[in-house]
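Reviewing the structure listed below.
Chain naming here is simple, since letters A, B, ... match the order of the sequence lines and numbering starts at 1 in each. Quick caveat, the model's predicted, so the values are computed rather than measured.
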There are 2 protein chains.
Amino acid sequence: MLQTNQCQEIKCPIQFVVDLLGNKWSILVLRELFGGDRRTYELLAALPGISTKTLTQRLRELEAHGLVERRIYAEIPPHVEYSLTPKGHQIKPVMASLKEVGTQWLNQESCFCALTDDR
Amino acid sequence: MLQTNQCQEIKCPIQFVVDLLGNKWSILVLRELFGGDRRTYELLAALPGISTKTLTQRLRELEAHGLVERRIYAEIPPHVEYSLTPKGHQIKPVMASLKEVGTQWLNQESCFCALTDDR
DNA sequence: CTGCATCCCAAAGGATACTG
DNA sequence: CAGTATCCTTTGGGATGCAG
């Protein structure tokens, strides 16, 4: 098997990021946190369609990889805040370029969506 | 329903890109094409694990969105080449920032994968 | 409020076989 | 070589109910 994951990684850095963030929600959660610290219910409200389960899963993953920090306030009712770590902030350029290209593409194709949009 | 997708898009540009490229293979296919035009079997070889079915699906999507061009040579056996369109080239900054941050993260965490890696 | 557990469904994707 | 069709497995993720 030799899945030992030694330091000498054979992996492509792009693939590494895609494996971590290439799902339906991770990037959007991070986008939200770039707007400042957020409580759980705020994230739920800002991400229409996400379930508590999925949100928690994504947050735990991001936390495990050191991109997000979870701060718990000893209050009742419970109070939890999520924030970006310095490592999380490193994806800022990705965010910026995504926004840039997304904006370009929206402008280019928004006017014949009715014809071409198949998803 | 009002799903009519009029020109005034409510959609976030980041989400727009994530919806299109946020899957297991699209980014990696594009990464490959940034290395130059590629034939089908070359893509299959360069992307270990991908199936012909999935590759075709991703290529068709990228083509439908105008990011990739498919050129057919009238030969036997068949000969097809895929290349990036100008629109496809627009994601270059995304590619670059992904590579940048991926490299950083690999260096940061490759040495305690054995402890933290849960996927 | 937070978030876990359960159940369940839909989508993504892999393997294989087959056609032109 | 390129691509399709079929079958099947895995995964993602939504809904709900419940506990702290």
Side-chain angles (χ1 to χ4, degrees), chain A residues 1 3 12 15-33 36-65 68-83 117-119, chain B residues 3 15-33 36-65 68-83 117-119:
Chain A
M1 268 303 188
Q3 256 263 50
C12 160
Q15 181 156 15
F16 180 71
V17 180
V18 169
D19 284 351
L20 176 57
L21 306 180
N23 62 62
K24 193 171 173 184
W25 293 109
S26 292
I27 292 277
L28 300 177
V29 170
L30 292 173
R31 179 200 65 189
E32 222 37 51
L33 293 180
D37 297 6
R38 292 283 186 273
R39 298 187 57 168
T40 310
Y41 74 91
E42 294 176 311
L43 291 172
L44 286 171
L47 301 169
I50 202 173
S51 64
T52 67
K53 176 189 159 191
T54 303
L55 176 60
T56 305
Q57 280 179 349
R58 295 292 88 78
L59 285 169
R60 293 296 174 277
E61 282 174 15
L62 296 171
E63 203 188 346
H65 284 268
V68 161
E69 189 193 359
R70 177 163 175 256
R71 194 162 22 238
I72 306 154
Y73 295 84
E75 298 177 5
I76 289 198
H79 178 164
V80 175
E81 294 220 350
Y82 294 95
S83 57
D117 213 353
D118 42 346
R119 356 211 302 163
Chain B
Q3 254 265 49
Q15 181 156 15
F16 181 71
V17 179
V18 169
D19 284 350
L20 175 57
L21 305 179
N23 62 61
K24 192 170 171 183
W25 293 110
S26 292
I27 291 277
L28 300 176
V29 170
L30 292 172
R31 179 199 64 188
E32 222 37 50
L33 294 179
D37 297 5
R38 292 284 185 271
R39 298 188 56 169
T40 310
Y41 74 91
E42 294 177 312
L43 290 172
L44 286 170
L47 302 170
I50 201 173
S51 63
T52 66
K53 177 189 158 189
T54 303
L55 177 60
T56 306
Q57 281 178 350
R58 295 290 87 78
L59 284 168
R60 293 295 174 277
E61 281 175 14
L62 295 171
E63 204 188 346
H65 285 268
V68 161
E69 189 193 358
R70 178 165 174 254
R71 195 162 20 238
I72 306 154
Y73 295 84
E75 298 178 6
I76 290 191
H79 179 164
V80 175
E81 294 220 349
Y82 294 95
S83 57
D117 214 354
D118 41 341
R119 0 209 298 161

Below the 4.0 Å mark, does C:dT2 have OP1 or OP2 next to a side-chain nitrogen or oxygen of A:Y82? no

Atom CD of B:E61 and atom P of C:dA11 are separated, to the nearest Å, by 13 Å

Can you tell me if B:R60 touches the phosphate of D:dG3, counting only side-chain N or O atoms and a distance under 4.0 Å to OP1 or OP2? yes

Can you tell me if A:Y82 and A:R70 form a side-chain donor-acceptor pair at under 3.5 Å? yes

Of the nucleotides C:dG14, C:dT2, D:dG14, which has the atom closest to the A:W25 side chain? D:dG14

Determine: side-chain N/O of A:K24 to OP1/OP2 of D:dT11, distance under 4.0 Å, yes or no. no

NZ/NE/NH1/NH2 to OD/OE distance under 4.0 Å, B:E42 and B:R39: no

What's the CG-C1' distance between B:N23 and C:dG14, to the nearest Å? 15 Å

Over 12 non-hydrogen atoms of neighbours within 6.0 angstrom of CD1 in A:I72: yes

Return yes if the base of C:dT16 and the side-chain atoms of B:S51 contain a donor-acceptor N/O pair under 3.5 Å, otherwise no. no

Could you give the CD1-to-C1' distance, from A:I72 to C:dG3, as a whole number of Å? 11 Å

On the nucleotide C:dG13, are OP1 or OP2 found under 4.0 Å from the side-chain N or O atoms that B:R58 carries? yes

Measure from the side-chain N and O atoms of B:D19 to the backbone N and O of B:G22, and report whether any donor-acceptor pair falls under 3.5 Å. no

So which heavy atom on B:D37 is nearest to which on B:S83, and how close? OD1-CB, 3.2 Å

Keeping the roles fixed (side chain from A:T54, backbone from A:I50), state whether a donor-acceptor pair exists under 3.5 Å. no

State whether A:R39 places a side-chain N or O below 4.0 Å from either non-bridging phosphate oxygen (OP1 or OP2) of C:dT2. yes

Of the listed nucleotides D:dT4, C:dG14, C:dC7, the one nearest the side chain of B:T56: D:dT4

CD1 on B:I27 to CG on B:L62, rounded to 0.5 Å: 9.0 Å

Compute the bend angle of the helix from C:dC1-D:dG20 to C:dG20-D:dC1 from the end axes (five pairs per end), rounded to 10°. 40°

Can you measure A:E75 atom CD to C:dG3 atom P for me and round it to whole angstrom units? 13 Å

Between A:E81 and A:H79, is any side-chain donor less than 3.5 angstrom from a side-chain acceptor? yes

Taking any heavy-atom pair under 4.0 Å as a contact, classify A:T40: base, sugar-phosphate, or nothing. sugar-phosphate

Residue whose closest nucleotide on DNA chain D lies nearer the 5' end, B:T52 versus A:G49: B:T52

Once you round it to whole Å, what is the distance between C1' of D:dG20 and CD1 of A:I76? 8 Å

B:K53 side-chain proximity, nearest of C:dT2, D:dT6, D:dA2: D:dT6

Without decimals, in angstroms, what is the distance between A:Q57 CD and C:dT2 P? 18 Å

Gap between atoms CG and C1', on B:L55 and C:dG14 respectively (whole Å): 13 Å

Length of the line joining B:L44:CG and D:dG3:P, which is rounded to integer Å: 10 Å

